[in-house]
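Worksheet: the structure to be examined is printed underneath.
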Amino acid sequence: MAAATVSSPWFLLSSYRALRPRTTPANLILRLSGRRIRAPVGLTAPHTRLFRHITHAVDEEASARAAAARVDSGAPTIFDKIISKEIPSTVVYEDDKVLAFRDINPQAPVHVLIIPKQRDGLTELGKADHRHEEVLGRLLYAAKVVAEKEGISEGFRVVINNGASACQSVYHLHLHVLGGRLMKWPPG
Ligand code: 5GP
């Protein structure tokens, strides 16, 4: 069996269990007084950061798995509401097939999402079929157009998170176009 990697769910879960707050008198008083315990009492700053990183990663993966479980319901996603303008967004580029708008939680100075206007079964890249070839090309070309418009042609990254273990949270295919800062490798 392959050894657990730092990003594997088992490593994260066992690390979370090892680091979660124990019931010390100090923690008990905080809990009873209804205050949130941010990290185990007595942990030093690097451990505290690691604790937060692990709990965040566990939360992110849990919500990604919950989103994945809802995929086949066919329910509209938040992006359908953005396409219909029911939810406002800052549109950067649009044509008959694709829509590009700023991510609500940007991970870089430029962070734009590009989506097909018709989902047509493309909840994720892994569901792509031959009939999607044209729109897939249009999405990638739109990434280049967006990069030019945003002034990041010299260096930018295009990301597609596919599935729960890649932390995909919205099941309407989308490209992330990121730039405006040094994009390190490997990605997290
Ligand atoms: P994923 O995690 O599925 O690859 O990316 C989904 C992206 O959609 C996330 O980066 C998230 O910030 C973004 N997002 C979620 N809800 C909204 C919204 O209501 N408006 C905008 N503009 N972005 C959103």
Side-chain angles (χ1 to χ4, degrees), residues 5-9 12 53 56-188:
T5 63
V6 170
S7 60
S8 81
L12 293 171
H53 173 74
H56 178 74
V58 169
D59 286 352
E60 205 175 10
E61 188 164 344
S63 57
R65 292 205 178 280
R70 291 191 297 271
V71 175
D72 293 328
S73 73
T77 71
I78 196 95
F79 292 169
D80 289 295
K81 294 183 178 175
I82 286 176
I83 292 166
S84 67
K85 315 282 186 213
E86 207 178 315
I87 290 181
S89 68
T90 309
V91 173
V92 171
Y93 171 78
E94 181 171 13
D95 63 29
D96 58 324
K97 296 270 186 208
V98 309
L99 179 69
F101 53 94
R102 294 197 194 286
D103 195 294
I104 203 167
N105 182 23
Q107 302 300 311
V110 174
H111 187 171
V112 173
L113 300 173
I114 309 178
I115 63 175
K117 285 183 171 174
Q118 297 290 329
R119 187 167 56 174
D120 184 26
L122 271 179
T123 49
E124 58 189 291
L125 184 59
K127 297 278 165 68
D129 193 28
H130 283 304
R131 74 178 189 279
H132 297 123
E133 283 175 358
E134 193 209 334
V135 76
L136 291 173
R138 293 282 290 268
L139 288 162
L140 210 49
Y141 188 76
K144 175 251 182 188
V145 173
V146 165
E148 275 174 2
K149 277 171 140 334
E150 294 292 306
I152 55 167
S153 294
E154 180 265 328
F156 64 96
R157 183 167 292 164
V158 179
V159 173
I160 298 175
N161 295 320
N162 190 99
S165 56
C167 284
Q168 181 177 358
S169 62
V170 180
Y171 280 81
H172 182 134
L173 176 67
H174 51 282
L175 278 59
H176 297 255
V177 178
L178 299 140
R181 67 166 167 82
L182 181 67
M183 307 303 297
K184 292 185 200 155
W185 193 261

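Throughout, numbering of the chain's residues begins at 1 and tracks the sequence.
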Lys117, NZ atom: more than 12 neighbouring heavy atoms under 6.0 Å
yes
Between Lys144 and Ser153, is any pair of side-chain heavy atoms under 4.5 Å apart?
no
Closest heavy-atom pair and its distance - Lys127, Gly121:
CB-O, 3.6 Å
What I'd like to find out is whether the side chain of Lys85 reaches to under 4.5 Å of the side chain of Val91, using heavy atoms alone.
yes
Under 4.5 Å between any side-chain heavy atoms of Glu150 and Tyr93, yes or no?
no
Interatomic spacing from CD1 in Ile160 to CD in Glu124 - rounded to 0.5 Å
11.0 Å
Using modelled atom types and a 3.5 Å cut-off, is there a donor and acceptor pairing between side-chain atoms of Asn161 and backbone atoms of Cys167?
no
Spatial distance of atom CG (Leu136) from atom CG (Leu122) [nearest 0.5 Å]
6.0 Å
Distance in Å, Asp96 CG paired with Arg138 CZ, rounded so as to fall on 0.5 Å steps:
4.5 Å
Atom CG in Leu113, atom CG in Asp103: separation rounded to 0.5 Å?
4.0 Å
Any side-chain heavy-atom pair of Gln168 and Leu125 under 4.5 Å
no
If you take all heavy atoms of His111 and Pro106, which pair is closest and at what distance?
ND1-CA, 3.5 Å
Tell me whether the count of non-hydrogen atoms from other residues, nucleotides or ligands lying under 6.0 Å of CD in Glu94 goes above 12.
yes
Any idea which heavy atoms bring Gly180 and Ile152 closest together, and the distance?
N-CG2, 3.7 Å
Under a 3.5 Å distance rule, please check whether Gln118 uses its side chain to pair with a backbone N or O of Pro116 as donor and acceptor.
no
Indicate the atoms forming the closest heavy-atom contact of Val98 with Ala142, along with that distance.
CG2-CB, 3.8 Å
Which atoms form the tightest heavy-atom contact between Ala108 and Gly179, and what is the distance?
CB-O, 3.5 Å
From Arg157 CZ over to Met183 CE, what is the distance, rounded to the nearest 0.5 angstrom?
4.5 Å
Test side-chain contact (heavy atoms from CB on, under 4.5 Å) on Thr123 and Thr77 and set out the steps.
CA-CA 10 Å; Thr123 49; Thr77 71; over 6 Å; no
When Phe101 is tested against each of Thr90, Val92, Ile115 for side chain to side chain contact (heavy atoms under 4.5 Å, CB included), which residue passes?
Ile115
Begin from the C-alpha positions of Leu173 and His132 and carry the test side-chain contact (heavy atoms from CB on, under 4.5 Å) through to its verdict.
CA-CA 11 Å; Leu173 176 67; His132 297 123; over 6 Å; no
Do you know which two heavy atoms are closest between Arg119 and Tyr171, and how far apart they sit?
NH1-O, 3.2 Å
Dump the intermediate steps for side-chain contact (heavy atoms from CB on, under 4.5 Å) on Arg131 and Asp120, then the final yes or no.
CA-CA 10 Å; Arg131 74 178 189 279; Asp120 184 26; 3.1 Å; yes
Would you say the ring centers of His176 and His174 fall short of 6.0 Å from each other?
yes
Spacing of Leu99 atom CG and Ser89 atom OG [to the nearest 0.5 Å]
6.0 Å
Intermediate values then yes/no, side-chain contact (heavy atoms from CB on, under 4.5 Å), Lys149 and Val110:
CA-CA 11 Å; Lys149 277 171 140 334; Val110 174; over 6 Å; no
